[in-house]
Participant: 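Starting off with a structure, shown below.
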Protein chains: 2
Amino acid sequence: MPLVEAAELRDVATAVLVGAGVPDEHAKLQANLLLEAELRAVPSHGFLRLERLVARIGNGVASATASGSHDWRGAGFLTVDGQNGLGPVVAEAALEAICPAAKSHGIAVAAVANSNHIGMLAYYAEAIAKGGQVGIVLTTSEALVHPFGGRQALIGTNPIAIGVPSADGPFVIDLATSLVSMGEIHDRAHRGQALPEGWALDREGKATTDAEAAKAGAIAPFGAAKGYALGLAFELLVTTLTGAALGRDVAGTLDADQLCNKGDVFIVVDPVSGQGEAIARYLDLLRHAAPADGFDQVLIPGERGRALKAERLASGVPVADSVWTNMKRLRDAALTKRGI
Amino acid sequence: MPLVEAAELRDVATAVLVGAGVPDEHAKLQANLLLEAELRAVPSHGFLRLERLVARIGNGVASATASGSHDWRGAGFLTVDGQNGLGPVVAEAALEAICPAAKSHGIAVAAVANSNHIGMLAYYAEAIAKGGQVGIVLTTSEALVHPFGGRQALIGTNPIAIGVPSADGPFVIDLATSLVSMGEIHDRAHRGQALPEGWALDREGKATTDAEAAKAGAIAPFGAAKGYALGLAFELLVTTLTGAALGRDVAGTLDADQLCNKGDVFIVVDPVSGQGEAIARYLDLLRHAAPADGFDQVLIPGERGRALKAERLASGVPVADSVWTNMKRLRDAALTKRGI
C-alpha cells in the first residue's frame, strides 16, 4: 500500500468534493472526517466512501450545500432536519449550537434526521471533551446485526462514542454494538480469509466462517445478549428522539441512490465536579496495572488509535492502492470540470 | 424456598425500616425497590440487603430521613448531595425534580453523590418511560471487574439502564458491564458449583473456575475489550458529573460501616418524534423473528423479567429461607422496640 501524506489525502479529497459543488470549508470538514478514519486504521469509514459520496450528490440523495435546519424544542433540545446534507457538516452545525446551550443549561441534546453518514463518532466525542464537556454520540445504521438468538440481520451496528475530559486530555471510546464491522467481513472476504467462529451467520441464518457467505448474512452483536440489548436500546433511543427509520427500513449510508434515513443523537453535558486530575491518575493506574496471563499490558480505550494517528500524521498514511488511484482520478476529473 | 406474597414481603420490610427510623413513605419506597429485585429474580439486589441497610443506619453511614439537597447548575443540570440518604429516596426526589425540567427544556440530568445503593436501575428507567420520556440511568459500584487484559479488580460493575416509551408500554434494558454479577459468583460458591471458564480471576489474577476463589478475585467485563471500554467510560462519566470516587476507592454498597461514595446519573429526555407505534411494530417483528439454531425464540430485553414479575405478583415470591426468617426476626424486633 502506498504511504501518502495526510495533508495530500485531505487536499485531494477536498478537491473532489469541491468539484461536486461542496463549499470549500464543508469539503475540508468532510475530507477531515474521512482522513480521521484512515489515521485511526478504520478504512471502512475512510476514503473508500468518497466516490459514493460524490455519486450520492450527483444522484440528488445528498445535498452538497445543506447544513441542516434547526428547531429548538426547549432550551436544551435541538431538532435538526439535516436536509440531506453531508453528515459531518450537519453534525458540526448541530454541535456549534448545543455546546453553548449545554454550557448555559448544564445539558443539551441534538436529534438529527435526514443527514448523511457522519463518519467516526470518536471525532465528535473527542472534540466535545477537548472543549471541557462530556459528550455522548449515537448513530444508527443499516440492519447488519442479528438479534441474540436470531438468524437474520434486523438491527443496526449502532455505535456509541463517549468523550470525557481529563487533565491528560480527552478520554474517548467509540465502539459499534456489533462484534465486528461489515468492513472487516468484506476485508476478510477480499483476502480469502476465514472468519473466527461466532462472528457471523450466512444468508440462511446458519453459523458460518466463510467471509463471502457472511457478506450476505448477519454479524453477531458483541457481548451476546447484553450487546444485543444495548444495540437495540440505541436503535430505539435514536428513533424516539429523531424519528429515524428502524431496522431493515434504514438506508443511505452504504448505497449511492437512497435517501439516508438513519438518525444521530448528540448529548453534551457540562461537568462541574473538577475530577480531571482524579481521572488522569486513575487512567494512569489502569495503564500500569499488572497484565493478565497472555497480555503485555492493560490498554486504555482510544489510546492505540491516537498513537497510530500521531504516527501516520508524521510518517504518512497507508491507503489501499485502488482507493488512492481512484481518489486522484476523481480529483483530476473535478479539476478538468472546473477548467483548472 | 418459601413462597411469600409480595405484599407481605413489602410490609415486613417496611416495618423493619420504620423501626430503624425511616419515615413511612420512604420505608415503603425502599421496600418496593428491594421487592422489585426479588420479583425479577435478582436476589442480590433484594431483601438480602435489608439487614445491612438497617445496620448502616445504626452505624451512622446511612441517614434514615435525608432525601438529598438540590442545587440547579442550570435549567437542565441538577446536582444532588444525597446527604447519605437511602438510595431510592434520594433518586425519586431527584427524578421528581428533573422529569418536569426535561418536559420544559427537552432534556435534564441529575448528578447524585453521597447516596446509598439505589437498587435495580430498571425500576427508574421503566418509571421514566411510563411517563412518556426517555431515561438513561447510570450508577457506579465497588471495583469488582478487571480491565480487559488486566488481573485485578479495578472497575465497578457500572450498570446502565435505558427506558424508551412505546405504544405497547416501556422498553427497558438494565445490564451491568460485568459479565456476571458478584451475587452470581457468591451463589455458585454457596452451592459448590464451578464457574464457566472466562468468568473470573482469583486473588492472584489467574483464571479460575472455583467460585470460592473468584470471590476474592475479579469478574470479567462482558464483551471483552468493548465491555471494558463501556464500563470504564461509565465510571469516568459518572465521576465527572458527580465527583464520585473511582475504582478501588469506592465503598458503601456492600458493607455496613463505610460512607457510600459512588455516584448516580439520571438523564431524562422528552421524545418528540411520535415513534411509539413504529417501535411497538419493530419489537413485534423481532419477537416473531426466526430463531437461530439452538434457540427457541428471539427475546426482547426486559420481557422475561416482566413476565416473571407478573407471575410472582400473582403466585408469590420465592425467597431464601434464611432471608425470610431474618426479615421476620428484624420485623419482630422493630415492633417490640416500638412497643407494638
Side-chain angles (χ1 to χ4, degrees), chain A residues 73-77 79 104-109 134 146-147 149-152 154 162 164-165 171 173 175 201 205-207 222-223 226-230 232-233 236-237 239-243 246-247 267 269-273 275 278-279 282 285-286 289-293 295 297-299 301, chain B residues 73-77 79 104-109 134 146-147 149-152 154 162 164-165 171 173 175 201 205-207 222-223 226-227 229-230 232-233 236-237 239-243 246-247 267 269-275 278-279 282 285-286 289-293 295 297-299 301:
Chain A
R73 303 295 179 103
F77 194 124
T79 296
S104 303
H105 306 298
I107 187 166
V109 59
V134 169
H146 64 76
R151 61 167 66 233
Q152 200 187 8
L154 292 169
I162 297 176
V164 177
F171 167 88
I173 68 163
L175 54 98
L201 307 177
K206 298 273 181 196
F222 95 98
K226 289 194 177 193
Y228 157 55
L230 269 178
L232 178 55
L236 301 188
L237 195 158
T239 198
T240 298
L241 301 182
T242 66
L246 281 164
I267 298 173
V269 200
D270 232 34
V272 295
S273 69
Q275 286 294 83
I279 290 174
Y282 176 57
L285 184 146
L286 286 172
D293 297 344
F295 288 84
Q297 62 179 125
V298 173
L299 295 171
Chain B
R73 303 294 180 101
F77 195 125
T79 296
S104 302
H105 306 298
I107 187 166
V109 57
V134 169
H146 65 75
R151 60 169 68 233
Q152 199 186 9
L154 292 169
I162 297 176
V164 177
F171 167 88
I173 68 163
L175 56 97
L201 307 177
K206 297 274 180 196
F222 94 100
K226 288 194 177 193
L230 269 177
L232 178 56
L236 302 189
L237 196 158
T239 198
T240 297
L241 302 182
T242 66
L246 281 164
I267 298 174
V269 199
D270 231 35
V272 294
S273 69
Q275 287 292 86
I279 290 174
Y282 176 58
L285 184 147
L286 285 172
D293 298 343
F295 289 85
Q297 62 179 125
V298 172
L299 296 170

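Throughout, a chain's letter reflects where its sequence line sits, starting with A, and its residues are numbered from 1. All of these numbers come straight from a predicted model, not from anything done at the bench.
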Participant: Identify which of A:Leu201, A:Val298, A:Leu246 forms the greatest number of heavy-atom pairs closer than 4.5 Å to chain B.
Facilitator: A:Leu246
Participant: Under 4.5 Å from any heavy atom of chain B, what part of A:Leu299 do you find: side chain, backbone, both or neither?
Facilitator: backbone
Participant: What part of A:Phe77 gets within 4.5 angstrom of chain B, counting heavy atoms only: side chain, backbone, both, or neither?
Facilitator: both
Participant: Checking A:Pro147 against chain B: side chain, backbone, both or neither under 4.5 Å from a heavy atom?
Facilitator: side chain
Participant: Specify whether B:His105 and A:His105 have parallel, tilted or perpendicular ring planes, treating 30° as the upper limit for parallel and 60° as the lower limit for perpendicular.
Facilitator: parallel
Participant: Hey, which of A:Gly223, A:Gly106, A:Gly149, A:Gly74 has the most heavy atom pairs under 4.5 Å with chain B?
Facilitator: A:Gly149
Participant: For B:Val109, is it the side chain, the backbone, both or neither that has a heavy atom under 4.5 Å from a heavy atom of chain A?
Facilitator: both
Participant: So for A:Thr79, is it side chain, backbone, both, or neither that comes closer than 4.5 Å to the heavy atoms of chain B?
Facilitator: side chain
Participant: So which heavy atom on A:Ala292 is nearest to which on B:Gly150, and how close?
Facilitator: CB-O, 3.3 Å
Participant: Using heavy-atom distances under 4.5 Å, tell me whether A:Ala108 contacts chain B through its side chain, its backbone, both, or neither.
Facilitator: backbone
Participant: Is A:Ile173 in contact with chain B via its backbone, its side chain, both, or neither, using a 4.5 Å heavy-atom distance?
Facilitator: side chain
Participant: When rounded to the nearest 0.5 angstrom, what distance separates CG in B:Leu286 from CD in B:Gln297?
Facilitator: 12.0 Å
Participant: Given a strict heavy-atom distance threshold of 4.5 Å, which part of A:Thr240 is in contact with chain B: side chain, backbone, both, or neither?
Facilitator: both
Participant: Could you pull out the closest heavy-atom pair between A:Lys206 and A:Arg151, with the gap in Å?
Facilitator: N-NH1, 4.3 Å
Participant: Which one wins on heavy-atom pair count under 4.5 Å against chain B: A:Thr242, A:Leu154, A:Leu285?
Facilitator: A:Leu154
Participant: Using side-chain heavy atoms (C-beta onward) and a distance below 4.5 Å, is B:Phe171 in contact with A:Leu232?
Facilitator: yes
Participant: With chain B, which of A:Ala289, A:Ala207, A:Gly247 has the greatest number of heavy-atom pairs at distances under 4.5 Å?
Facilitator: A:Gly247
Participant: Which of the residues B:Ile267, B:Leu241, B:Val269 is involved in the greatest number of heavy-atom pairs with chain A at under 4.5 angstrom?
Facilitator: B:Leu241
Participant: Is A:Ile279 close to chain B through its backbone or its side chain, or both, or neither, when contacts mean heavy atoms under 4.5 Å?
Facilitator: both
Participant: Side chain from CB out, backbone as N, CA, C, O: work out which of these in B:Ser104 comes under 4.5 Å of a heavy atom of chain A, or both, or neither.
Facilitator: backbone
Participant: Heavy-atom pairs under 4.5 Å with chain A are the metric here; pick the option from B:Leu175, B:Val164, B:Leu236 that has the most.
Facilitator: B:Leu236
Participant: So which residue, A:Val134, A:Thr239, A:Ile162, ends up with the most heavy-atom pairs under 4.5 Å with chain B?
Facilitator: A:Thr239
